[in-house]
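Input: a single structure, listed below in structure tokens.
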There are 2 protein chains.
Amino acid sequence: MTPIMYPMRVTRQLLAEHRVAMLRQASRLFRAHGIDRVGVADITRAAGLTHGAFYGHFPSKAALASEACDASLARAADRWRALAAEAAGNGEDGLGAVIDRYVSPSHRDDPGGGCALVALGAEAARDPALVPGMTSGTEALLAALDDILATARPGVPAAERPGIALAVLAAMNGGVLLARALADRPDRSDAALTAARRAARRAAEFS
Amino acid sequence: MTPIMYPMRVTRQLLAEHRVAMLRQASRLFRAHGIDRVGVADITRAAGLTHGAFYGHFPSKAALASEACDASLARAADRWRALAAEAAGNGEDGLGAVIDRYVSPSHRDDPGGGCALVALGAEAARDPALVPGMTSGTEALLAALDDILATARPGVPAAERPGIALAVLAAMNGGVLLARALADRPDRSDAALTAARRAARRAAEFS
DNA sequence: TGGGATACATGATGGGTGTCATGTAAAATT
DNA sequence: AATTTTACATGACACCCATCATGTATCCCA
């Protein structure tokens with residue numbers, strides 16, 4: 001006899017809010033300090049809970065990290081689409097707007113609020129438990145870039161778009177990573193951003 | 001009365017060998033598994049010692065990590081120069097040789113033997129104790145790229161070389177990071193490398 | 001060759017971490 | 001209104017880690 005499971009009605013929403021709060025705080029803390037430097041107690045505390053609430057929501061810290069990467073990158077992809085659409089509405093270059101916002105001093109100086117690919121890509125590549133979320137989230141970024149290219153670069157054949165999206169994303173995240181690695185020399189760091197913006201734009205040219 | 005300190009003669013070399021062995025093993029282990037996943041005991045064991053030997057050589061684990069980043073990147077810069085010189089001797093493109101070796105499947109699949117900027121750049125950017133080593137090592141890579149550009153791209157004015165070096169390095173490390181993040185989808189990962197190689201070459205064009 | 005210096009091994013410690021029980025108060029269903 | 005369910009807090013456990021003493025065997029210098 002399997003016991004009948006009665007669903008909840010109101011608290012279900014609160015449960016989901018707790019879950020999403022943990023995901024959001026975890027994503028922010030992970031990007032800001034690294035996955036290994038953030039404990040589950042830090043995450044639950046930032047979400048207004050205690051560490052006892054954790055394992056009712058996630059099977060493990062690594063599983064949370066994978067989901068956090070995926071969700072964070074998917075939201076970034078949505079923001080890219082919105083930004084590009086807004087720029088296009090103003091008659092500006094949608095792709096250039098995305099590049100300029102990504103390869104910027106403010107992004108460089110705010111890892112906790114920035115792209116998970118730059119902040120956690122290397123860490124995720126090492127841990128097999130994180131690879132699925134990181135791969136899936138990165139594909140979301142690429143899909144967004146592909147769509148943005150379709151309207152912002154109508155001269156680019158559709159068959160070329162995936163490769164160009166990869167090249168643009170590589171120049172973008174490489175530029176931010178390089179700028180962060182040069183943190184001790186601010187002028188060089190700024191120059192890295194300027195050079196990477198240009199490289200990303202050039203990568204989007206079709207010839 | 002300060003006690004007279006007598007220097008050593010022969011063991012000094014063995015001491016230096018132990019030190020460099022720790023540095024080398026630490027660099028490899030850090031790149032392969034991340035700094036926080038590697039303990040002091042792992043490093044000394046890989047160097048044929050025990051953890052007691054550590055603090056006679058380095059003031060802290062973070063100090064070792066900073067020095068390991070710097071040394072690893074400086075050696076990479078030397079290898080780049082040698083590779084470019086060899087290619088130029090064969091009448092080939094020195095810069096292209098460096099790009100092709102860096103943005104390659106073998107580099108992507110061997111983080112422990114690969115570039116510290118890709119593997120540890122994000123981690124180093126977070127920890128103030130690691131920033132000096134990472135910045136200095138990255139400058140060594142850029143200086144090597146600048147020199148390689150001077151002979152492989154004689155059309156590029158000297159004043160433009162630093163910016164171009166930054167753009168090329170951003171495309172290179174961004175490509176490897178992206179390819180690692182896409183580990184779950186091998187065809188996309190390979191495509192990322194191909195696209196990044198092209199982006200790096202394009203970034204080196206002067207116009 | 002003898003005496004002092006020291007690099008390394010052993011061991012200890014204090015703190016932190018992921019994960020797993022248990023209890024309880026509140027909510028949801030009948 | 002009563003009963004069942006359950007999300008969360010508290011607490012505990014086992015483990016790992018960076019760092020710091022202590023001892024000893026070895027090596028350097030006179």
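Chain identifiers are assigned alphabetically (A, B, ...) following the order of the sequence lines, protein sequences preceding nucleic acid strands; residue numbering begins at 1 within each chain.
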For R37(B) and D42(B), what are the C-alpha separation, side-chain angles and deciding distance, and is it a side chain to side chain contact (heavy atoms under 4.5 Å, CB included)?
CA-CA 10 Å; R37(B) 302 276 246 254; D42(B) 298 321; over 6 Å; no

[atom1]/[X] to [atom2]/[Y] distance, rounded to the nearest 0.5 angstrom?
| X | Y | atom1 | atom2 | value |
| --- | --- | --- | --- | --- |
| L73(A) | E139(A) | CG | CD | 11.5 Å |
| D110(A) | R28(A) | CG | CZ | 10.0 Å |
| L145(B) | L95(B) | CG | CG | 7.0 Å |

If we only count heavy atoms from C-beta on, is the R24(B) to S27(B) side-chain gap below 4.5 Å?
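No, every pair of side-chain atoms sits at 4.5 Å or beyond.
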
Let me know the distance between [atom1] of [X] and [atom2] of [N], rounded to the nearest Å.
| X | N | atom1 | atom2 | result |
| --- | --- | --- | --- | --- |
| H57(B) | dA7(C) | NE2 | C1' | 7 Å |
| F58(B) | dC20(D) | CZ | P | 15 Å |
| L64(B) | dT19(D) | CG | P | 10 Å |
| D127(B) | dA18(D) | CG | P | 13 Å |
| Y55(A) | dC20(C) | OH | P | 7 Å |
| K61(A) | dC20(C) | NZ | P | 15 Å |

Checking the side chain of S66(B) only, and the main-chain atoms of M134(B) only, is there a donor and an acceptor separated by less than 3.5 Å?
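Not confirmed, S66(B) side chain does not pair with M134(B) backbone.
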
In residues 35-54 of chain A, which ones come under 4.0 Å of DNA chain D, going by heavy atoms?
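L49(A), T50(A), H51(A), G52(A), A53(A), in order of number.
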
